[in-house]
Participant: 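Here's a structure for you.
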Amino acid sequence: MVSPEPIKGDGGVAGPPSAPGKVLLLSINRCVAPDQVFPLGLAHINSALRQAGYETRWLDLLMEGESLEEVLRTYRPDFIGVSLRNIDDVVIRKQEIYFGPLISISQTVRRVHPCPIILGGSGFSIFPERLLQFGEADFGIQGEGESSLLALLAALRNGGHYQDIPGLVYWRDTQVVANAPRRAAIECQLSPEDRPAAVRAHYLGASGMLNLQTQRGCAHLCCYCTYPVIEGRAHRRRPPEVVAEEMAQLQAQGVRYVFIVDSIFNSSARHVSDICEAILRRNVQMRWGCFLRPQGLTPDLMKLMARAGLVHIEYGSDSFCDSVLEAYGKRLTFADILHASELAWACKVDYCHFLICGGPGETMETLDEAFQNSLRLPNPVIMAVVGMRLYPGTPLHQRAICEGRVTAETDLLKPCYYLAPDLTADQIFDKMRTFTTRSPSWIPGDPQAGYTQLVERLRKRGVTGPLWSYFAALQRIMPQPVPIHHA
């Protein structure tokens with residue numbers, strides 16, 4: 001590990017005369033399905049660093065170009081911030097992990113240009129102690145990192161005390177200590193330079209869209225969900241005019257579609273209406289999509305969102321069976337889901353429902369009930385996965401411990417899934433295969449090779465936004481079986 005001594009200049013690329021240091025921001029995300037996702041967290045970190053006078057440079061492992069070794073030799077940063085967005089693919093049959101490069105990154109830095117390595121990102125925030133150890137890094141920050149990172153860099157530069165910084169994960173001798181994060185207001189305002197042109201161009205070419213965030217936190221109690229672990233339960237909202245201005249900036253840069261990445265955009269009707277009215281006042285002509293909770297929506301609110309540019313809704317429904325919804329901690333019913341679907345259909349907004357089949361309370365009978373209920377939805381797209389990924393700090397994790405599925409010491413960094421008693425993944429996949437032959441609205445499991453080829457063709461033609469509606473159309477024309485991947 002790098003000794004926490006004051007950082008001295010190293011004669012590298014010069015920044016502003018008063019720049020307190022150079023920071024290399026490294027995105028190691030390798031997840032490309034269903035789309036490559038712009039590393040928005042790094043944009044917020046970049047904004048905080050820029051406003052504090054730091055010089056920054058980005059390196060994204062999804063982009064072709066210089067290697068980490070080459071950048072280290074030429075840029076010679078004072079600090080390296082590594083963002084880990086995804087732990088794994090959350091696919092029960094595949095279980096591809098994305099944190100593997102952390103070791104080689106640390107080894108390359110130690111060999112080529114030793115400097116403090118600081119881990120962060122949503123994936124890191126779920127497993128902070130384990131990933132700091134695994135990646136052999138010097139520090140980490142769990143939760144939002146803007147203010148904590150600045151405090152850490154100042155302490156390292158000046159030889160100051162850093163042990164009490166909120167969210168900091170660090171070594172105390174041979175033990176890892178993780179401080180509780182502090183949830184603060186979202187104060188940063190992104191500028192065009194916080195989305196570097198080359199990075200922006202790459203993601204627009206690969207996915208046809210960029211993203212933005214209007215709030216952090218989630219007050220809901222879904223049993224499996226990590227959003228409260230990562231962002232806390234209190235909703236902290238950005239000013240509507242700031243969000244609208246960010247959309248206007250993106251539009252001026254040639255962006256035609258953005259996805260709002262809030263855990264649920266409709267945390268309150270007032271928040272939704274304020275954002276939409278700000279977009280309309282700013283006269284932003286931007287198509288956008290978002291995650292919505294299928295509850296608390298009204299015809300007027302749906303019409304307002306559509307007028308402001310909403311064209312895609314992704315509902316986190318999880319089940320179409322009331323007893324399973326209750327077991328999942330959703331605090332909503334299928335009647336809510338049906339009503340939300342009808343509102344979207346009436347406003348000609350494409351929508352899909354994400355389902356998790358096989359979690360607590362699921363049986364073959366509840367799966368049948370969910371399928372029958374799905375037939376009542378007007379022209380839906382239904383994206384279904386099998387099994388619930390277990391994450392620490394969630395109600396599902398506690399349930400799995402109480403049921404003897406895992407222990408409190410089980411290392412969940414290796415993907416571990418919960419399936420309801422008496423159900424197997426093969427049984428559920430077989431059931432969903434039957435569903436797809438009776439209703440092409442269902443798209444279960446991994447996308448087929450044909451879907452991947454369709455994505456490439458559509459992106460080359462300039463199609464923007466999520467492509468699940470096209471997947472559903474292809475499914476209707478050429479139904480394909482659900483893949484069963486045997487270990």
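Values in this document were obtained by computation on a predicted structure and should not be read as measured data.
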Participant: Taking all heavy atoms of G140 and all of L132, pick out the closest pair and write down the distance.
Facilitator: N-CD1, 3.8 Å
Participant: Is it true that N211 and Q213 share a donor-acceptor pair across their side chains at a distance under 3.5 Å?
Facilitator: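 The criterion, which ignores hydrogens and geometry beyond distance, is not satisfied for N211 and Q213.
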Participant: Is the F320-H353 ring centre distance short of 6.0 angstrom?
Facilitator: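 They qualify: ring centres under 6.0 Å apart.
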Participant: Go through the steps to decide whether S267 and Q215 satisfy the test side chain to side chain donor-acceptor pair (under 3.5 Å), and finish with yes or no.
Facilitator: CA-CA 9 Å; S267 61; Q215 62 188 316; 2.6 Å; yes
Participant: Between F79 and K22, is there a cation-pi geometry (under 6.0 Å to ring centre, at most 45° from the normal)?
Facilitator: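 That pair does not qualify as a cation-pi contact.
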Participant: Do L72 and I80 have side chains that approach each other closer than 4.5 Å (heavy atoms only, starting at C-beta)?
Facilitator: yes
Participant: Short question: side chain of T407, backbone of E409 - any donor-acceptor pair under 3.5 Å?
Facilitator: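 Flag set: sc T407 to bb E409 pair under 3.5 Å.
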Participant: Would E362 and Y328 satisfy side-chain contact (heavy atoms from CB on, under 4.5 Å), going step by step from the backbone distance to the final call?
Facilitator: CA-CA 10 Å; E362 193 82 272; Y328 285 9; 3.7 Å; yes
Participant: Quick check for you: to the nearest 0.5 Å, what is the distance between S27 atom OG and L59 atom CG?
Facilitator: 9.0 Å
Participant: Should R389 and D88 count as an ion pair when the cut-off is N to O under 4.0 Å?
Facilitator: yes
Participant: Minimum heavy-atom separation for P192 and Q249, please, with both atom names.
Facilitator: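 Heavy atoms of P192 and Q249 come nearest at CD-OE1, 3.6 Å.
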Participant: With side chains defined as the heavy atoms from C-beta onward, is the minimum distance between L61 and R30 less than 4.5 Å?
Facilitator: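 Counting from C-beta outward, L61 and R30 do come under 4.5 Å.
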Participant: Would you confirm whether Q251, through its side chain, and Q285, through its main-chain N or O, come within 3.5 Å as a donor-acceptor pair?
Facilitator: yes
Participant: Should F139 and L156 count as side-chain neighbours, where that means a heavy-atom distance under 4.5 Å?
Facilitator: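 Yes - at least one pair of side-chain heavy atoms lies under 4.5 Å apart.
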Participant: With a 4.5 Å cut-off on side-chain heavy atoms, are R399 and P360 touching?
Facilitator: yes
Participant: Do any N or O atoms from the side chain of T298 and from the backbone of L301 form a donor-acceptor pair under 3.5 angstrom?
Facilitator: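 Side chain of T298 to backbone of L301, a donor-acceptor pair under 3.5 Å: yes, one is there.
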Participant: Side chains of D322 and T333: any donor to acceptor distance under 3.5 Å?
Facilitator: no
Participant: Report yes or no: does N158 contribute a side-chain atom to a donor-acceptor pair with the main-chain N or O of G160 at less than 3.5 Å?
Facilitator: no
Participant: With distance as the sole criterion, is a donor-acceptor pair present between the side chains of D318 and Y224 under 3.5 Å?
Facilitator: yes
Participant: Indicate yes or no: does K330 engage E326 in a salt bridge with an N to O separation below 4.0 Å.
Facilitator: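 Salt bridge absent between K330 and E326.
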Participant: Could you tell me if E231 and S263 have a donor-acceptor pair between their side chains, going purely by distance under 3.5 Å?
Facilitator: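 No, no side-chain donor-acceptor contact under 3.5 Å.
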Participant: Do the non-hydrogen side-chain atoms of E241 and R281 ever get within less than 4.5 Å of each other?
Facilitator: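 The answer is yes; the side chains approach within 4.5 Å.
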Participant: Do I118 and D138 have side chains that approach each other closer than 4.5 Å (heavy atoms only, starting at C-beta)?
Facilitator: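 Side chain of I118 against side chain of D138, heavy atoms only: no contact under 4.5 Å found.
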Participant: With a 4.0 Å cut-off, would you call E245 and R282 a salt bridge?
Facilitator: yes
Participant: Counting neighbours of CD on Q51 that are heavy atoms of other residues, nucleotides or ligands and sit closer than 6.0 Å, is the number greater than 12?
Facilitator: yes
Participant: Could you measure the distance from the CD atom of Q133 to the CH2 atom of W171? Nearest 0.5 Å is fine.
Facilitator: 5.0 Å
Participant: Which heavy-atom pair separates I92 from G387 by the least distance, and what is that distance?
Facilitator: CD1-CA, 4.5 Å
Participant: Of all the heavy-atom pairs spanning Q36 and H202, show the shortest one and how long it is.
Facilitator: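 Heavy-atom minimum between the residues: OE1-NE2, 2.7 Å.
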Participant: Determine whether the side chains of S122 and S125 contain a donor N or O and an acceptor N or O closer than 3.5 Å.
Facilitator: no
Participant: Quick check: does any side chain N or O of T394 sit under 3.5 Å from a backbone N or O of Y391, one acting as donor and the other as acceptor?
Facilitator: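 Present.
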Participant: Can you name the closest pair of heavy atoms from Y351 and A344 and give their distance?
Facilitator: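 Closest heavy-atom pair between Y351 and A344: CD2-CB, 3.8 Å.
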Participant: Can you list the steps and then say if D350 with W468 is a side chain to side chain donor-acceptor pair (under 3.5 Å)?
Facilitator: CA-CA 9 Å; D350 285 342; W468 35 260; over 6 Å; no
Participant: Regarding D60 and Y203, is there a side-chain donor-to-acceptor distance under 3.5 Å anywhere?
Facilitator: yes
Participant: Distance alone, cut at 3.5 Å: any donor-acceptor contact between the side chains of R287 and T464?
Facilitator: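 The criterion, which ignores hydrogens and geometry beyond distance, is satisfied for T464 and R287.
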Participant: How far does CD of E342 sit from SG of C347, to the nearest 0.5 angstrom?
Facilitator: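 Between atom CD of E342 and atom SG of C347 there are 12.0 Å.
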Participant: Between R293 and S317, does a side chain to side chain donor-acceptor pair (under 3.5 Å) hold up when you go through it step by step?
Facilitator: CA-CA 7 Å; R293 177 176 172 83; S317 300; over 6 Å; no
Participant: Taking V23 as the fixed residue, which of I45, D78, L49 is the one that meets the side chain to side chain contact (heavy atoms under 4.5 Å, CB included) rule?
Facilitator: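 Single side chain to side chain contact (heavy atoms under 4.5 Å, CB included) partner of V23 among I45, D78, L49: L49.
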Participant: Do side-chain atoms of D173 reach the backbone of Q175 as a donor and acceptor pair under 3.5 angstrom?
Facilitator: no
Participant: Please list all pairs passing the ring-ring contact (aromatic ring centres under 6.0 Å, His included) test where one or both residues lie in residues 248-278, with sequence neighbours left out.
Facilitator: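 Found Y257-H312, F259-F291, F265-H271, F265-W288.
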Participant: Could you tell me whether a side-chain N or O of S83 sits under 3.5 Å from a main-chain N or O of L42, the two making a donor and an acceptor?
Facilitator: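 No: the side chain of S83 does not pair with the backbone of L42.
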Participant: Can you check side-chain contact (heavy atoms from CB on, under 4.5 Å) on F354 and V385, steps first, answer last?
Facilitator: CA-CA 8 Å; F354 287 102; V385 298; over 6 Å; no
Participant: Sub-3.5 Å donor-acceptor pair from the side chain of R459 to the main-chain atoms of S207, do we have one?
Facilitator: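 Between the backbone of S207 and the side chain of R459 there is a qualifying donor-acceptor contact (under 3.5 Å).
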Participant: Flag the pair L102 / F99 as yes when at least one side-chain heavy-atom distance between them is below 4.5 Å, and no otherwise.
Facilitator: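 Side-chain contact under 4.5 Å: yes.
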Participant: Under the 3.5 angstrom rule, does the side chain of Y417 hit a backbone N or O of V91 as a donor-acceptor pair?
Facilitator: yes
Participant: Are E144 and R182 ion-paired here, with the side-chain N under 4.0 Å from a carboxylate O?
Facilitator: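 The answer is no: the pair does not qualify as a salt bridge.
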Participant: Would you say N179's side chain and Q163's backbone share a donor-acceptor pair under 3.5 angstrom?
Facilitator: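 Judged by distance alone, yes, a pair lies under 3.5 Å.
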Participant: State the CZ-CG distance between R195 and L204, to the nearest 0.5 angstrom.
Facilitator: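 That separation rounds to 10.0 Å.
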Participant: To the nearest 0.5 angstrom, please state how far the CG atom of L390 sits from the CE atom of M388.
Facilitator: 9.5 Å
Participant: Quick one: do I401 and T410 satisfy side-chain contact (heavy atoms from CB on, under 4.5 Å)? Show the steps, please.
Facilitator: CA-CA 9 Å; I401 292 174; T410 300; over 6 Å; no
Participant: State, to 0.1 Å, how close C276 and L304 come at their nearest heavy-atom pair, and which atoms those are.
Facilitator: CB-CG, 3.7 Å
Participant: Does anything in residues 231-251 form a ring-ring contact (aromatic ring centres under 6.0 Å, His included)? List the pairs, not counting sequence neighbours.
Facilitator: none
Participant: Any non-hydrogen side-chain atom of P380 less than 4.5 Å from a side-chain atom of S374?
Facilitator: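 With C-beta onward as the side chain, the pair stays apart.
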Participant: When you compare the side chains of E403 and Y418, does any donor N or O come within less than 3.5 Å of an acceptor on the partner?
Facilitator: yes
Participant: Ion pair present between E146 and R183, side-chain N to carboxylate O less than 4.0 angstrom?
Facilitator: no
Participant: Check the pair L131 / L84 against side-chain contact (heavy atoms from CB on, under 4.5 Å), numbers first and verdict last.
Facilitator: CA-CA 10 Å; L131 287 171; L84 176 62; 3.6 Å; yes
Participant: Any carboxylate oxygen within less than 4.0 angstrom of a Lys/Arg side-chain nitrogen, looking at R307 and E277?
Facilitator: no
Participant: Out of curiosity, S323 OG to F334 CZ, how far, rounded to the nearest 0.5 Å?
Facilitator: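 Interatomic distance, S323 OG to F334 CZ, rounded to 0.5 Å: 13.0 Å.
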